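A quick write-up on the structure given underneath.
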Amino acid sequence: MQEGLWNPGKTISQTQNWKSGVSYSCDPADFSYMKVNVPCQDACPALTNIPSYIRALYEEKFATSYEINRMVNLLPGTLGRICSRPCELKCRHGEAGLGEPVNICHIKKAASDLRGLGHSYMTPRFAPVGKTVAIVGSGPAGLAAAHDLAMMGFDVTILEAFEEPGGMLRYGIPEFRLPRIILSEEIANILRLGISIKTGVRVGVDLTLESIMSNYDATLIAAGCYEPMELGIPGEDLLGVYTGLNFVMDVAKGLDVRIGKKVMVIGAGFTAFDCSRLALRLGAEDVTLCIRGLEEDLRVTTDEIVEAKREGIRIQSLLLSKGVYGGGHVKGVEFFRTRPVERSSESRRAVEPIFGSEFVLEADSVILAIGQAPQRIPGPGKQNDRGVIIADFGNFRSTATNLYLAGDYLTGPSTVIESISSGRRAAGKIAEDLLGKKLKEWVVRIKDAKLTDRQRSWDLIPRVEIPTVLPVEDRFQSKGFVEVETGYLPEQAHDESKRCYLCYLHYEIDVNKCIYCRYCIDNAPRDCIKLVNDIFTDETGAVSGYLETTQWTEVSAVVIDNSQCVRCGECVRVCPVDCISVSRMDLVERFLIEETEA
Amino acid sequence: MSRQSFVIIGNGPAANQAAESLRSQGSEAKITMLSKDSFRGYLPHLLPDFISGSIGEESLYFRPHAYYKEKNIFLRLGQKAVGIDFSKRRIFLEHREVISFDGLIIATGGKPRIPEYYQLFEDLMLTLKTPQDAKLWISKLKSVDSILMLGGDLTSLSLTRALLKMGKTIQFIINEDSFWPIPYSEEIYKAVAQRLESKGVQVVHCNKIRRVTQIDENLIEVDTDTCSVRTGAIGAFFGLVPDVRFLVRSGLDIDRGILVDEFLKTRFEDVFAVGDCAQVYHPALRNYWVSIGYQNAATLGKIAASNLLGSDLEALVAPESILDVGGVKVNTSWWTEF
């Protein structure tokens, strides 16, 4: 969960509409509870309410499912195709012994694909606040910031250097992963909030940053990272050596890009994979992707790795490039083998070269896709050693008045979902700074719930993999623009949605009514109901652990450990005294200003 | 101080040798062997002979049950490890039991490799790694007379010999993906194809399989980029990959196999990996290597056991041994590529 979501020092506010049985909580303990017990939502940088949209899809409310997404991540159709899916790594269905994570991302794609042509967007609008904001860049961060600011009543203008909006989404991701028709529709939906956009304007070249800042109440730079990084090894300037970003962008722009038959791609991110798969579509016969570390540490999705290999790409791990060689034109790369070295448990594994292990791999084209950095835009405020303006990661402010940074321009290369989250949070901070008050906040919505129709047998449904274009060779038709992942059929999406445990449901035993009969424990599918002597809490007051006991004389309560519970409902069904209640807890964003029109 | 507990995951040559070495070197620790298979350690190279009926099932197994009792080794069959917490030294089994250890030797071996492209058709392919796989073959061969072999590993070639002896018709697709443990070369390709054809095998020359369709229970149609073939069963033989997926994100360094140093040590103290699941860097090869073959595995098992008991023995790259690849003699005892 993002820092600053709640303020531990502030007074707990809890409002309740007793009539509807709904209450809203800002109690830190409830946020802590959500963090532990709905790990998918916590893992999503935009805090998408995943169980909620999966349940809506299960109920065949495709438009609702799409809108639950769009409220916070803005581009569900796009993200359903290209998100890095940090949520799935945390999905409880993927814990040891519980099977595979739910295919959360592709359910999002299904919601987008199946919602029907008559779908109407439900964006709340607020009264104009009389303030103007300029946003440099229309990638995911810029669009997200523009969306939120426009919704909150600001007059927003986007300045985009390219001919069309979308930034990396349009120019950095190949069409076979993200069809432009999907992207264009979702961008148009954001821009229709009254946002002005001027394309073909290069800030720092056609227009100075200072002149923009003097004409707007605030300026946000969300210009992404477009400066390809170099390896700093000999031979990078040989003919036949490309940078990954330029390669992908040239293809996206429709330029005539030529590539060799034996292609080597160096890099480990989505761009490296995109380059590899694009090379195949441009006629390469042999593509090898060389990574420094281990395949298991790659930040791309498992699907991406599998599909790349299925298309014929070979991944060679534990390689560090020493030099590119050739006479005028590239002939190959000399590598060291590497070995992993110590790491902290959370961070990625570091590697070191093994000296004496040098060897050569031949290639007639080499693509260096090792990342990119922000380009310099001349302007005021503190700058790094490359002359790029910097800002505070927490509040997005630069040292120049009313100049903010967001997305990759602030943090360096990140994922689309991280950029969207960054853009939205930056918008909230700009609004707060310009108006002197907070306009939105995250709260935990708690309401009574009933036992769902979820059945224990649904936990045994195998993960439904997304259908793809087959045979593989058909993917290379139509200049390779064919979308590889064709998407779920409605019944497949429905089956996959059944697999979600619905972790937003909270099960609780009323110890005053419990008769300690143990029926619930005997019927529990796993160690989720516990006899405890004591309950431990963290600094927020949330339950952090239990002192379990097997001695009846020491039992002070029977509790449901929601972090172990798979929400099968068996305990509720067998309880003879009806002492187990179900409630629903949703982490939602609440606006603190009055809505003026629907 | 309570008695030490050593756990060995696996039940192949490396695992068995490790257990025996621990005992023979005087360890009085509790030794537990965990095997996901429900049968004792076996010799995989004999499986084709078992399929053809040349040998009986009992000949496959290299240790009687009595051996484990005599050596006071707890052999727990059919107990699959699904995760390990190295900080707490605990192994999680599929049936939710948790086992603690003081020392651990991971010897999970290899499992059949199916390249990603061919995984699309995996359900229609038979592999051959375990006695259970062999029994599936025996059952299938009762109702089919023609078999299409995909890949060109050593098992496929010895099974082909066994099937020909049984009077079956064999078609063989060999291409760049096929050879294992040796890298593909045109020379090997030509030599193996020629040799197979001379034995009466029909070699199908193609680059890719485009579609596999099950017509009925005993008839499968395979469309390739050059032709269509019909067969009763398909065998997939692309070599082995270390069976270590359950350890991904456990904290171990997992590349193709578990990365270990020359002493077979993993990143964690008193935890070793050996045999077909271990991957070792070797300066002479300038590459990582994974051993193949019974003898190599047993040697590595012995070294790991000694090192767990405090020695510092180095696992040298196994000496090259002659392998017969479809009649072509190849010198290798390891593999380095996929």
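Each chain gets a letter, A, B and so on, in the order the sequences are listed, and its residues count up from 1. This one's a predicted model, so the numbers in the text were calculated from it and none came from an experiment.
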If I measure from the heavy atoms of chain B, does A:T338 come under 4.5 Å with its side chain, its backbone, both, or neither?
backbone

Taking CD in B:E97 as the centre, count heavy atoms belonging to other residues, nucleotides or ligands within less than 6.0 Å. Is the count above 12?
yes

For the student: nearest non-hydrogen atoms of A:R349 and B:D253, plus distance:
NH1-OD1, 2.6 Å

May I ask you to say whether B:R210 pairs ionically with A:E473, meaning some side-chain N is under 4.0 Å from a carboxylate O?
yes

To the closest 0.5 Å, what do you measure between CD (A:E296) and CG (B:L252)?
8.5 Å

When the 4.5 angstrom heavy-atom criterion is applied to A:E307 and chain B, the contacting part is neither

Distance (rounded to the nearest 0.5 Å) between A:I291 CD1 and B:D255 CG
7.5 Å

Does B:E116 come within less than 4.0 Å of A:R310, counting only side-chain N to carboxylate O?
no

Interatomic spacing from CD1 in A:I354 to OH in B:Y281 - rounded to 0.5 Å
5.0 Å

Region of A:D527 that comes under 4.5 Å of a non-hydrogen atom in chain B:
neither

Atom pair OG/CG of A:S317 and B:L259 - distance to nearest 0.5 Å:
8.0 Å

A:R299 CZ: over 12 foreign heavy atoms closer than 6.0 Å
no

With a cut-off of 6.0 Å (strictly less than), are more than 12 heavy atoms of other residues, nucleotides or ligands near CZ of A:R567?
yes

Does atom CZ (B:R211) have a neighbourhood of more than 12 heavy atoms from anything else shown, all under 6.0 Å?
no

Please check: side-chain N/O of B:R267 versus main-chain N/O of A:V341, any donor-acceptor pairing under 3.5 Å?
yes

Taking B:R286 for the side chain and A:E358 for the main chain, is one N or O donor matched with an acceptor at less than 3.5 Å?
yes

Do B:P115 and A:K309 make a side-chain contact, defined as non-hydrogen atoms from C-beta onward lying under 4.5 Å apart?
no

Heavy-atom contact with chain B under 4.5 Å, split by part of A:L319
neither

Residue B:D312 excluded, over 12 heavy atoms near CG under 6.0 Å
yes

If you count heavy-atom pairs within less than 4.5 Å of chain B, which of A:D474, A:L470, A:L318 leads?
A:L318

Pick from B:D225, B:I254, B:V248 with the largest number of heavy-atom pairs that fall under 4.5 Å of chain A
B:I254

